[in-house]
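Take a look at the structure set out below.
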Amino acid sequence: MRVPGKKKPQRIAPPGISARLSAHIALEADADGSIVASFDGYSVGLGKFSPGVVDRMHELRTGLAIASLAAGRTADQEIDVLVRRLARRGLLEYRFGHGRAGRDQVVIEPQIPDYWPQAPKLGNQDVIALSRFAYLRRRGKEMVLESPRAGALFRICDPKIASALALLSAPQKLSRFRRQPGFPGTELLALLVGCQILFKLEAANGDGLRASEGDDNLVLWDFHDLLFHARSTEGRQANPLGGLYPYAGLIPPQPAVRPRWPGKKIDLRKVSATPSEAPSSFARLLHERHSTRDFDDTQPITLAELARFLDSAARIQAKWKDKADLGNGGPEVSYAARPYPSGGGAYELEFYLAVANCEGLARGFYHYDADRHALAQIGVQAPELEAQLAAAEFAMGAAAAPQILITIAARFGRVSWKYSSVAYSLILKDVGVLLQTLYMMATDMGLGGCAIGTNNIDLFAKMTGLEFHVEGPVGQFALGRGSKPGLADEPPRGQGSLD
């Protein structure tokens, strides 16, 4: 008789990553093979495909393994084209787990339209750590791991993974981390490194602290400031944005005028100016100021008017240097004053102009050199310029794009080098006073203007080639010749205009 041998333990395939449709997306195919994605009352054409792809497209509801998409066969290459087009439009999510029928361990939700999972190679000698910008939070009944630096967030379905990742608050060598209980697997760690939620430490600087992660510009950011910048703008998040009235059915709107405080009142009307006294020119400007959303493209703003506007509202007036007030002799700091106030005299704000219609100036994208009082043209792709102008048109609820769209960008390090905890707050205060300055100047010149509350930081980064944490948009202002007089109390019509 043969002695039965020991059964070999069954090998379990490592978890893999699959692409699948987001829950609110539906795919439909026409008789000619055209595939359309439908969502929230909108539809997007994805092109024509063979019958085999039309048959397989329904597998995207449960997930298609990314590793199999470009396996060399024609059908796989064609489905890969479909998946890539869906990914570019932000219509996919990615599941990480065992097989189609297995339970999700992690679901990756893109936060930028063209996100695609990246998994850099990790070796046993690599040392990894959690980014100081990474955070785990509750969202509804789920736990999500995210970072303002990441192109996607990770929905954690297995709580053991969250526990294991917490160990990476201190740098860990991968060979040692593998032996920890609940090790989440090299594949998942690589995906997190690709999203900058984890980072690899260089051998020369292995403490995992602030200076270990990223460039000098990133060192200057506090966690809450970078998070607020990324989550209060477009481009690096997938959350609903703008005037959507999310609490209209839950809470009544607050009154425009605050309920009066009880107690004795002092009536200031008795000591105010009499009606016979003429208001000052500045007081008239304040009362005449209004937002203009419609512009007269038959009589566009001229280059001479634009030059005068920039000269009066934004040109550098004086430059000097002084020692930083560190008490014991700090480094020399340069300053450049402009016509509006700025916290700490930083004057960190820059103007980038998307010109659609200006007499004497070619359509394009420009930076305003406030020192030389000059415009420097920046070469951008036409679709990027159109996208920026179209977004402003939508935000204002206007019939057409503004003649000139001024994007106000901040050189963040100019403020955060000095100020801790309040740096981003100071920048937004500077934007507020600058917007009022632009309104006053436009009103004085008989031009129209409108402050816009949204901007796309990822699109700006693509147009300028600047990293979003180095220099990025913090405000926008539409400028041109108004088509008709506006009303100071006219309600905003768009999703993101400020007045």
Side-chain angles (χ1 to χ4, degrees), residues 111 129-139 144-150 153 166 168-171 196-199 201 205 207-237 239 241 322-338 340-350 408-436 453-455 457-458 460-461 466-476 498:
Q111 299 298 293
L130 267 173
S131 165
R132 67 187 179 89
F133 297 105
Y135 61 102
L136 187 70
R137 69 178 178 93
R138 174 192 168 195
R139 186 187 67 182
V144 294
L145 175 66
E146 55 186 321
S147 163
R149 297 190 68 202
L153 65 79
L168 292 172
S169 57
Q196 299 179 313
I197 289 176
L198 300 180
F199 68 99
L201 277 74
N205 193 0
D207 60 6
L209 299 180
R210 183 176 289 224
S212 303
E213 179 184 0
D215 54 26
D216 289 346
N217 291 289
L218 198 64
V219 169
L220 294 169
W221 280 94
D222 287 335
F223 163 78
H224 62 281
D225 279 345
L226 191 63
L227 177 62
F228 186 41
H229 178 53
R231 293 297 182 261
S232 60
T233 54
E234 292 183 86
R236 300 191 65 84
Q237 61 159 334
N239 298 320
L241 188 76
D322 200 359
K323 292 282 187 180
D325 52 349
L326 296 177
N328 55 351
E332 193 172 60
V333 181
S334 62
Y335 296 91
R338 306 192 191 196
Y340 53 89
S342 176
Y347 289 99
E348 75 285 359
L349 302 179
E350 299 288 328
I408 302 167
R411 293 186 295 135
F412 302 109
R414 178 73 183 164
V415 177
S416 57
W417 184 83
K418 177 178 180 180
Y419 293 101
S420 180
S421 295
V422 298
Y424 195 69
S425 172
L426 287 176
I427 290 171
L428 295 186
K429 292 178 175 68
D430 289 348
V431 174
V433 297
L434 175 55
L435 288 173
Q436 178 72 333
T454 61
N455 46 70
I457 61 177
D458 198 52
F460 180 86
L466 299 169
E467 291 284 351
F468 87 101
H469 66 274
V470 176
E471 183 176 337
V474 287
Q476 287 187 321
L498 296 183

Notebook entry, point to check: Taking atom CD of Glu467 as the centre, does the number of heavy atoms from other residues, nucleotides or ligands within less than 6.0 Å exceed 12?
Noted result: no

Checklist line | Test item: Asp430 side-chain N/O and Gly343 main-chain N/O as donor-acceptor pair under 3.5 Å | finding: yes

Item checked: Closest non-hydrogen atom pair, Ala211 against Val219 -> CA-CG2, 4.0 Å

Margin query: If you apply the rule side chain to side chain contact (heavy atoms under 4.5 Å, CB included), what do you find for Ser131 with Leu198, and how did you get there?
Written below: CA-CA 5 Å; Ser131 165; Leu198 300 180; over 6 Å; no

Margin query: Does Tyr335 have more than 12 heavy atoms from other residues, nucleotides or ligands lying within 6.0 Å of its OH?
Written below: yes

Margin query: Treating Tyr347 as the side-chain partner and Arg414 as the backbone partner, does any N or O pair qualify as donor plus acceptor under 3.5 Å?
Written below: no

Item checked: Tyr424 and His224: CA distance, side-chain angles, deciding distance, ring-ring contact (aromatic ring centres under 6.0 Å, His included) verdict -> CA-CA 9 Å; Tyr424 195 69; His224 62 281; 9.2 Å; no

Next item on the list: Run the salt-bridge test on Arg338 and Glu350 with the 4.0 Å N-O cut-off and return the result as yes or no.
Entry: yes

Check: If every non-hydrogen atom of Gly475 is compared with every non-hydrogen atom of Val431, which pair is closest and at what distance?
Finding: CA-CG1, 4.3 Å

Item checked: Note, Trp417 side chain near Val333 side chain (heavy atom, < 4.5 Å) -> yes

Check: NE2/His469 to CG/Leu220 distance, rounded to the nearest 0.5 angstrom?
Finding: 9.0 Å

Notebook entry, point to check: Is the closest side-chain donor-acceptor distance between Ser147 and Gln196 under 3.5 Å?
Noted result: no

Checklist line | Stepwise ring-ring contact (aromatic ring centres under 6.0 Å, His included) test for Phe460 and Phe468 | finding: CA-CA 8 Å; Phe460 180 86; Phe468 87 101; over 10 Å; no

Check: More than 12 non-hydrogen atoms from neighbouring residues, nucleotides or ligands closer than 6.0 Å to CZ on Arg137, yes or no?
Finding: yes

Notebook entry, point to check: Just wondering, do Tyr135 and Pro148 contact through their side chains at under 4.5 Å, heavy atoms?
Noted result: yes

Next item on the list: Rounded to the nearest 0.5 Å, what's the gap from CG on Asn217 to CZ on Arg411? Could you check?
Entry: 11.0 Å

Checklist line | Nearest atoms (heavy-atom pairs only) where Asp225 meets Ser421 | finding: OD1-O, 4.2 Å

Item checked: Neighbour count >12 (heavy atoms, 6.0 Å) for atom CG, Asp216 -> no

Checklist line | Minimum side-chain heavy-atom gap Glu234-Ile457 below 4.5 Å | finding: no

Note to self: Nearest 0.5 angstrom please: Gln476 CD to Leu435 CG, how far?
What the structure shows: 10.5 Å

Next item on the list: Please confirm whether the backbone N or O of Ala134 pairs with a side-chain atom of Arg149, one donor and one acceptor, at under 3.5 Å?
Entry: no

Next item on the list: For the residue pair Leu349 and Val474, establish whether any side-chain heavy-atom pair is separated by less than 4.5 Å.
Entry: yes

Next item on the list: Compute whether any side-chain donor of one residue and acceptor of the other, for Thr233 and Asn455, lie under 3.5 angstrom apart.
Entry: no

Item checked: Min side-chain heavy-atom separation Phe412-Val470 under 4.5 Å -> no

Next item on the list: Please report the shortest heavy-atom distance between Ala129 and Pro171, naming the atom on each side.
Entry: CB-CA, 4.0 Å

Next item on the list: State plainly whether the residues Glu146 and Arg231 are in salt-bridge range, i.e. N to O under 4.0 Å.
Entry: yes

Notebook entry, point to check: CD/Glu348 to CD1/Ile408 distance, rounded to the nearest 0.5 angstrom?
Noted result: 10.5 Å

Checklist line | Audit row: Leu145, Ile197, side chain to side chain contact (heavy atoms under 4.5 Å, CB included) steps and yes/no | finding: CA-CA 8 Å; Leu145 175 66; Ile197 289 176; 3.8 Å; yes

Check: Looking only at side chains, do Asp222 and Ser416 share a donor and an acceptor under 3.5 Å apart?
Finding: no

Next item on the list: Measure the CZ-CZ distance between Phe199 and Arg132 for me, rounded to the nearest 0.5 Å.
Entry: 9.0 Å

Item checked: Interatomic distance, Leu218 atom CG to Glu213 atom CD [nearest 0.5 angstrom] -> 6.0 Å

Notebook entry, point to check: Can you find a pair of side-chain heavy atoms, one from Ser342 and one from Val433, that are under 4.5 Å apart?
Noted result: no

